[in-house]
Amino acid sequence: MAKPKYTSHVGMVDILPDESPKWRALETIIHEEAAKFNFEEIRTPIMEQTELIVRGIGQLTDIVSKEIFAFEKGDSHYVLRPELTAPVVRAFVEHHLEQRGGSQKLYYIGPMFRAEKPQKGRQRQFHQFGAEVIGSDDPVADVEIIALMIRIYQRVGINNFELKLNSVGDPESRETYKEALRSYLKPNLDKMSELSQKRFEKNPMRILDSKEPEDQQFIESAPVIQDYLNEDSTEHFEKVQQYLDQLGINYTIDPHLVRGMDYYTRTAFELISPDLGSQDALAGGGRYDLLVEEIGGQPTPAVGFAAGMERLLIACEELDISLAEEKTVDVYFVTLGDAARTWALTHLPKAREAGLSATMDYKGRSMKAQMKDADRENALYTVIIGDNELNEGKFTLRNMKESEENSLTFEEILEKLG
RNA sequence: GAGCUCGUAGCUCAGUUGGUUAGAGCGCCAGGUUGUGGCCCUGGAGGCCGUGGGUUCAAAUCCCAUCGGGCUCCCCA
């Protein structure tokens with residue numbers, strides 16, 4: 001096929017009319033379930049200051065080091081947001097949302113941008129929904145976040161997934177653990193992957209996440225963080241597990257689960273789907289008790305999740321779940337002649353005021369073509385308007401499914417369909 | 001950043017060891033029915049065979065490059 005003159009950028013895809021209904025259906029589910037959990041929606045700009053994202057997510061993370069779309073204009077440094085936790089926290093601090101009292105329970109839906117090579121379940125512009133509880137360090141908040149996340153998948157009809165859970169500790173526990181990890185890894189460091197060697201000093205925990213084959217033997221018998229958690233973190237982690245048990249939410253503890261953003265503390269979790277192939281993470285999240293302060297606010301504990309909408313929709317495809325029903329239009333005005341077209345144009349608003357969806361042909365085509373169009377548009381009814389009908393004030397109402405016709409006044413038609 | 005693979009009509013794809021005007025199904029438009037959709041029949045529009053270069057009397061077909069898609073590694077949603 002000859003390439004069109006203009007195309008969308010690599011990894012940035014159009015959501016076309018045949019696809020948009022399922023997106024809208026998914027968004028409706030997210031809004032409804034978030035509302036049931038009493039979360040409020042927040043919408044932040046697509047672009048943020050580079051410094052916020054770098055500080056918030058971490059200089060050494062993959063996201064910041066190689067996946068950021070950034071550019072300058074005048075003195076301002078812009079980035080297209082790669083995730084929304086840091087921006088939401090920025091908004092929380094900037095607008096003093098803590099003054100609203102209680103814990104802020106916020107959720108969002110929107111596009112994110114990461115400059116990666118696209119593949120299945122990975123686009124450069126992709127969409128996430130997510131939720132954050134800012135201002136509580138209670139394990140109840142962690143569990144409510146997880147419950148909301150899972151609830152949305154269940155509403156959609158996706159039930160086969162695995163929840164992986166870990167605690168990455170508070171700063172104190174983490175330092176002790178990192179030291180233990182370093183002394184364990186050090187003797188063999190030269191046998192490990194280049195990537196792991198690079199991470200050794202600054203972020204040795206990410207080594208646990210490595211998939212490099214040469215690293216595996218060392219990772220397997222590495223010390224686990226659970227043994228280094230202090231009393232507070234241990235208790236928090238146990239409470240989270242206890243509450244999940246009480247809610248009947250299944251999970252597996254994965255001591256090697258370390259997430260890609262530096263800001264996580266204590267609870268970390270991921271939702272994995274066997275229906276996705278290589279990019280199998282449906283959603284992920286955790287607690288980030290230090291981020292608010294890092295960004296310039298008062299020390300404020302928080303926890304949240306983010307979920308990939310494309311991946312959710314891929315899972316739906318695999319599971320034959322259809323989120324949206326076939327589109328229909330209530331009534332299609334079929335016109336014969338100019339007088340009929342004028343009549344139709346001026347009566348469409350009346351049908352719409354009566355609560356019906358209503359349309360007509362825009363191209364002055366033959367009756368047969370109009371009927372065909374009405375069929376293609378899944379019109380429930382057609383109203384046939386010609387000279388006879390205009391003279392008598394009665395129109396032919398055709399039920400397209402039953403192929404039955406009645407001769408009725410316009411008022412009778414509205415009453416019947418309304 | 002690395003690897004594999006594929007680019008022929010709007011879509012899904014045929015195209016025989018290179019050989020005349022490049023095909024099918026679906027979709028689109030129109031007619032068969034001068035006021036009736038779906039089924040059927042007939043016809044039509046629509047392709048510089050991704051792009052550029054090379055080999056050859058001759059290239060959709062062979063070679064090189066390039067761009068784009070898909071998949072994979074890394075990492076993440």
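Each chain gets a letter, A, B and so on, in the order its sequence line appears, and its residues count up from 1.
Nucleotides rG46(B) and rG7(B) have their P atoms positioned 26 Å apart, rounded to a whole Å. Atom name C1', nucleotides rG15(B) and rA2(B): the rounded distance is 35 Å, in whole Å. Spacing between rG43(B) and rC26(B) at atom P, rounded to whole Å, works out to 14 Å. The same atom, P, is picked in rA59(B) and in rC49(B); the two are 12 Å apart, to the nearest Å. Using atom C1' as the reference point in both rU5(B) and rC28(B), the two lie 32 Å apart (nearest Å). As rounded to the nearest Å, rA60(B) and rU21(B) have P atoms that lie 10 Å from one another. Between rA22(B) and rA9(B), the distance separating the two C1' atoms is 11 Å to the nearest Å. Straight-line distance between the C1' atoms of rU12(B) and rG18(B): roughly 27 Å, to the nearest whole Å.
In this structure, CG of Leu257(A) is placed 10 Å from P of rA77(B), rounded to the nearest angstrom. For the pair Ile152(A) CD1 and rA77(B) P, the interatomic distance rounds to 16 Å; values are reported in whole Å. The nearest whole Å value for the distance from the NZ atom in Lys120(A) to the P atom in rU72(B) is 7 Å. Going from atom CD1 of Ile272(A) over to atom C1' of rC75(B) covers 13 Å, rounded to whole Å. Between the C1' atom of rC76(B) and the CD atom of Glu83(A) lies a distance of 12 Å, rounded to the nearest Å. Note: CD (Glu132(A)) to P (rA77(B)) measures 12 Å, nearest angstrom. Look at OH on Tyr264(A): it is 17 Å from P on rC75(B), rounded to the nearest Å. To the nearest angstrom, P of rC75(B) lies 12 Å from CD of Glu270(A).
At a threshold of 4.0 angstrom between heavy atoms, the contacts of Gly130(A) with the nucleic acid are absent. When heavy atoms are screened at a 4.0 angstrom cut-off, Leu312(A) is found touching no nucleic acid atom at all. Here Glu310(A) lies out of heavy-atom contact (under 4.0 Å) with every strand. Counting non-hydrogen atoms under 4.0 angstrom, Ala374(A) reaches nothing in the nucleic acid.
A salt bridge links Glu377(A) to Lys327(A): at least one charged side-chain nitrogen sits closer than 4.0 Å to a carboxylate oxygen. Remark: Arg24(A) does not engage Glu27(A) in a salt bridge, criterion side-chain N to carboxylate O under 4.0 Å.
In this model, a donor atom of one side chain and an acceptor atom of the other lie less than 3.5 Å apart for Asn166(A) and Gln226(A). Remark: the Thr265(A) side chain and the Asp170(A) side chain contain no N/O donor-acceptor pair separated by less than 3.5 Å.
Remark: Gln119(A) is in phosphate contact with rU72(B), judged by side-chain N or O atoms under 4.0 Å from OP1 or OP2. Side-chain nitrogen and oxygen atoms of Arg365(A) include at least one within less than 4.0 Å of the OP1 or OP2 phosphate oxygen of rC29(B).
Around the CD atom of Glu415(A), the shell of radius 6.0 Å holds no more than 12 heavy atoms that belong to other residues, nucleotides or ligands.
Side-chain to base pairing of Glu116(A) with rA77(B): one donor and one acceptor N or O lie within less than 3.5 Å of each other. Counting atom types as modelled, Arg114(A) pairs no side-chain N or O with a base atom of rC75(B) as donor and acceptor under 3.5 Å.
Between Val13(A) and Ala307(A), it is Val13(A) whose nearest contact on RNA chain B lies nearer the 5' terminus.
Taking the side chain of Val10(A) as heavy atoms from C-beta on, and the options rA77(B), rU72(B), rG69(B), the nearest nucleotide is rG69(B).
When the ring-ring contact (aromatic ring centres under 6.0 Å, His included) test is applied to Tyr228(A), the partners found at least two apart in sequence or on another chain are Tyr177(A). Take Tyr184(A) and apply the ring-ring contact (aromatic ring centres under 6.0 Å, His included) test, not counting sequence neighbours, and it matches no residue. Residues passing the side chain to side chain donor-acceptor pair (under 3.5 Å) test with Glu132(A) are Thr85(A), Tyr288(A), sequence neighbours excluded.
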Subject >> Base-contact (B) and sugar-phosphate-only (S) positions in nucleotides 31-44 of chain B, heavy-atom cut-off under 4.0 Å, - elsewhere >> reply: -B--BBBB------
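In RNA chain B, runs of at least 3 stacked Watson-Crick or G-U pairs (N1-N3 plus N6-O4 or O6-N4, or N1-O2 plus O6-N3, all under 3.5 Å) give these stems: B:1-7 with B:67-73, B:10-13 with B:23-26, B:28-32 with B:40-44, B:50-54 with B:62-66.
Ring to ring, Phe410(A) and His347(A) are close: their centroids are under 6.0 angstrom apart.
Scanning both residues, Val334(A) and Gln370(A), for their nearest heavy atoms gives CA-OE1, 3.3 Å.
For residues 300-318 of chain A, the set of pairs meeting the side chain to side chain donor-acceptor pair (under 3.5 Å) definition, not counting sequence neighbours, comprises Lys22(A)-Glu317(A), His127(A)-Glu310(A).
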